[in-house]
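Input: a single structure, listed below in structure tokens.
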Amino acid sequence: MPVKVIIPTALRPYAGKQESVELQAATVQEALSSLTSQFAELKKHLFADDGRLRSFVNVYVNDEDIRYLQKDQTRVREGDIISIVPSIAGGTRNKI
Amino acid sequence: MSGAVLKIREELLQRIHAHGVQTYPHECCGALLGHDGDREREVLDLLPLANRRGDSPRNRFELTPGDVRLAEKTAREQSLELIGWYHSHPNAPARPSEFDREHAWPWYSYIIVSVQKGEPRDTTSWRLYDDRSGYDPEAIEAVLGASHC
């Protein structure tokens, strides 16, 4: 079913500079797989070498974090909006 | 992206410094909202945010996904883009650490302000390489001008 995936600004250069991509999917996993099939450059930013979502990548279906749903097996319905939300962190080299 | 330039009004730069002083000796953090061009981008507004890293705020900062979504929403509402992030390095140089690199994203501008003994010192900006192996420095061009809002 058709769903929309919102791409964060940092990843738009790897997704044809698009703010969002509409695609057919029944689960979050299918949606992200379809997305990275269309835009291969996105893959290294979303997935670790073992194929799992990088820990610094958060995925929401509408306003729910998929970690609190069925993770990448979360089912999506027509019109759902999947948002990719990067984790932001940093700090000095100092150990305190 | 070597040779990249980040324009920012002097007043916004001063607000970043003031935020770093206010939270010292803890790290401050916030979002950079603006426009992106081919060779230069411009910060037109800031969204100061709370450092969520409660266990180690003197040498780490962290935002929640909710903070990031708020920053994206705030940018959209102002017809701007979320173009990067700022944070302070209390008593440390304004250079990205290995921890910064591990947690950074390409494309975003990362402004770092060094706050030494409570006083703002150097301010730098950086962009992560596409392959995440390191950073390109981004020249900060402070400009005079009125507030965006």
Side-chain touch A:Lys44/B:Arg132, heavy atoms, less than 4.5 angstrom = no

Residue pairs, two or more places apart or on separate chains, that pass salt bridge (Lys or Arg N to Asp or Glu O under 4.0 Å) and touch residues 58-67 of chain A |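 Found A:Asp63-B:Arg69, A:Asp65-A:Arg67.
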
Does CZ in A:Arg54 sit with more than 12 non-hydrogen atoms of other residues, nucleotides or ligands closer than 6.0 Å?
->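 Above 12, so yes.
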
Measuring heavy-atom distances to chain B, does [X] have an atom under 4.5 Å in its side chain, in its backbone, in both, or in neither?
| X | value |
| --- | --- |
| A:Ser83 | side chain |
| A:Pro86 | both |
| A:Ile6 | neither |

Identify which part of B:Asn51 has an atom lying under 4.5 Å from any heavy atom of chain A, answering side chain, backbone, both or neither.
->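 When you check distances to chain A, no heavy atom of B:Asn51 falls under 4.5 Å.
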
Nearest 0.5 Å please: distance from the [atom1] atom of [X] over to the [atom2] atom of [Y].
| X | Y | atom1 | atom2 | result |
| --- | --- | --- | --- | --- |
| B:Glu72 | A:Glu19 | CD | CD | 10.5 Å |
| B:Asp36 | A:Arg12 | CG | CZ | 10.5 Å |
| B:Arg76 | A:Thr9 | CZ | OG1 | 10.5 Å |

For the side chain of A:Thr92 and the backbone of B:His89, is there at least one donor-acceptor N/O pair under 3.5 Å apart?
-> no

Any idea which of B:Val68, B:Leu128, B:Ile83 has the most non-hydrogen atom pairs under 4.5 angstrom with chain A?
-> B:Val68

Hydrophobic cluster identity match, B:Ile112 and B:Val21, side-chain contacts under 4.5 Å | no

Per-residue contacts, residues 99-109 of chain B versus chain A, heavy atoms under 4.5 Å = B:Phe99, B:Asp100, B:Glu102, B:His103, B:Trp105, B:Pro106, B:Trp107, B:Tyr108

What's the shortest heavy-atom distance between B:Pro65 and A:Tyr60, and which atoms?
->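 Looking at all heavy atoms of both residues, the shortest contact is CB-OH, 3.3 Å.
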
